[in-house]
Amino acid sequence: MPTVRRWPGSLPALVITGSAVGILIVYWHAIRFSTFTSDPANYWTDSVRWFEPFNPYHVAGFPLLLASVRGATFDVIPPTTLMTLVTTVALLLGVNGTYRLATTTGLSPRCSVAAATAYGIWPFVGAVFAGFPVADPVVLALTVWGAVWALRGRAIPAGLLLGLAAVTHKSLWPAIALLVVASFFWIGRGRRFGATLAAFAAGPLVALWIAGIASGQTVTWLAASSADDGITPLPHHSLPVFDGLFGSMVYGNAIGRARVAVVIPMFALALIVLLPYYRRWREPFPSIASVFALEILGLALVMNQHLVWSAVRFGGLLAVPAVSLISMRVDALPARRWHIVATIVVVVLVGTQLLTAWEGSSRGWVGYL
């Protein structure tokens, strides 16, 4: 007799995350806020001009994905709906990838669902950037799945996914580069594994860079504008170093200080994750956990006031490493107490998404991303 296909183990996390995105969309619809503004509008413009994918601020991956989906659907879906569908699917794929990463490291089903749910509704940002469609869910999903395949010892799919991530968002370039370099030294993996991973990870970005130069861009076109926008201190009211963290406290307005109040705990969490793992950096998962922690620490320390929020936006990478550190406590909770704790945490995290949605929509998201 045919067997009934089991639901994926990540289903609770998928349902919670999808519901959070739905709540945000309904909220924005109720207040008549259009998400087709700021970065989403710019990404859509780039997707229409897909034959010239050389925006100095945005790499081509997300616009090309949008152009592909638009072509596959014969351009009948409105821009906002299509973009939101793409980013929501990407977010859910990232949730499932986080679950797979957790189970691959040996975490229990309970802890794996907890990590996947935390990724999907990561404080203040998880579902927000699916409902407000930007490239974050896509690059995070590609990076997480790249880490899954790297952990499983599959260099080609891992490298290809990391390569696609590199042409989707520049903020994760450090993490991708560190993962590639570290893979050469992983115990149980040969140099051939690292070389293969590196080749496939570098391929898409190198191809885009060369294509841009051939079209008349400068040699530094991929990085120069973004460095000026995100790393260089602002012309006025900024500090020469650590401008994002401390400059926002000294010179920022109330919103800037509130954001830093969220960035600082994220910085602390990254440190907490890094300390137990960095000494074991030659083991695949400790290496991946260390790289993800270093990425968040770097974003918090290097980015200026304009983009220091990136440390929160990509903080979902810490979901599996963080849950791994408390897995024994999570598994030790009786079922009833666990359900109560999990419900409270989910409600609080979804509440933070709504807070971000309110704050962003009240300001039109200008200057936020």
Side-chain angles (χ1 to χ4, degrees), residues 8-17 20 91 94-127 140-141 143-145 147-148 150-151 175 179 261-300 311-353:
S10 58
L11 182 61
L14 293 171
V15 170
I16 292 170
T17 301
L91 178 63
V95 168
N96 194 53
T98 301
Y99 179 84
R100 297 299 177 190
L101 182 63
T103 57
T104 303
T105 64
L107 292 183
S108 67
R110 177 187 285 185
C111 286
S112 298
V113 169
T117 304
Y119 170 95
I121 53 173
W122 193 254
F124 298 96
V125 294
L140 284 169
T143 303
V144 167
W145 275 105
V148 171
L151 197 58
L179 280 176
V262 179
V263 173
I264 290 174
M266 203 66 57
F267 181 88
L269 178 61
L271 273 179
I272 291 169
V273 166
L274 180 64
L275 292 176
Y277 287 120
Y278 80 96
R279 294 182 184 274
R280 299 162 52 202
W281 65 272
R282 294 195 62 194
E283 301 173 39
F285 176 67
S287 176
I288 291 169
S290 298
V291 166
F292 286 171
L294 287 170
E295 168 72 24
I296 304 306
L297 290 172
L299 290 173
V312 181
R313 288 168 57 183
F314 300 104
L317 293 173
L318 299 175
V320 174
V323 172
S324 297
L325 297 179
I326 60 171
S327 60
M328 293 182 64
R329 291 180 178 273
V330 171
D331 288 331
L333 285 174
R336 183 177 179 180
R337 183 176 298 178
W338 164 246
H339 290 149
I340 294 173
V341 171
T343 300
I344 293 173
V345 171
V346 166
V347 170
V348 170
L349 291 182
V350 173
T352 66
Q353 320 286 299

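Side chains included, hydrogens not; waters and symmetry mates left out as well; all remaining heavy atoms used. Please read all numbers here as calculations on a predicted model, not as lab measurements.
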Side-chain donor-acceptor contacts of residues 113-122 below 3.5 Å, not counting sequence neighbours, with atom names and distances?
{"residue": "T117", "atom": "OG1", "partner": "V113", "partner atom": "O", "Å": "2.8"}

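Residues passing the side-chain contact (heavy atoms from CB on, under 4.5 Å) test with L325 are I272, V273, P276, Y277, sequence neighbours excluded. Applying the side-chain contact (heavy atoms from CB on, under 4.5 Å) criterion to R329, with sequence neighbours excluded, gives no partner residue. By the side-chain hydrogen bond (donor to acceptor under 3.5 Å, both in side chains) test, S290 is found to be paired with no residue, residues two or more places apart in sequence or in another chain being considered. Taking T17 as the reference, nothing meets the side-chain hydrogen bond (donor to acceptor under 3.5 Å, both in side chains) condition, with sequence neighbours excluded. Here V348 pairs with I344 under the side-chain contact (heavy atoms from CB on, under 4.5 Å) rule; sequence neighbours left out. Residues meeting the side-chain contact (heavy atoms from CB on, under 4.5 Å) test with A127, sequence neighbours left out: A20, V21, L24, L91, Q353. By the salt bridge (Lys or Arg N to Asp or Glu O under 4.0 Å) test, R280 pairs with E283, sequence neighbours left out.
One distance of note links OG1 of T104 with OH of Y99; it measures 10.0 Å at 0.5 Å rounding. With rounding to the nearest 0.5 Å, the separation of CG in L297 from CG in L271 is 5.0 Å. Distance check: L269 CG to L274 CG gives 11.0 Å after rounding to the nearest 0.5 Å.
Evaluated for a side-chain contact (heavy atoms from CB on, under 4.5 Å) with L140, the options L317, T98, V95 yield exactly one hit, L317.
Closest of all the heavy-atom pairs between V144 and G97 is CG1-C, 3.4 Å. Across A311 and V263, no two heavy atoms sit closer than the pair CB-CG1, 4.2 Å. Looking at every heavy atom in both residues, L107 comes nearest to S327 through CD2-CB, 3.8 Å. The heavy-atom pair separating V312 from V125 by the smallest distance is O-CG2, 3.4 Å.
Listed by first then second residue, pairs satisfying salt bridge (charged side-chain N to carboxylate O under 4.0 Å, His left out) with a partner in residues 331-349 number zero, not counting sequence neighbours. Pairs engaging residues 313-335 under the ring pair (Phe, Tyr, Trp, His ring centres under 6.0 Å) rule: H169-F314 [sequence neighbours left out].
Between F285 and S324, the closest side-chain pair of non-hydrogen atoms falls below 4.5 Å. When side chains are defined from C-beta on, M266 does not count as touching L299, because their heavy atoms never get closer than 4.5 Å. Side-chain contact between F292 and L179 is present, with heavy atoms from C-beta onward closer than 4.5 Å.
At least one donor-acceptor pair under 3.5 Å links the side chain of S108 to the backbone N or O of C111. Panel note: side chain R110, backbone L333; a donor-acceptor pair is recorded below 3.5 Å.
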| said: L294 vs Y278, test: side-chain contact (heavy atoms from CB on, under 4.5 Å). Steps then yes/no. | reply: CA-CA 10 Å; L294 287 170; Y278 80 96; over 6 Å; no
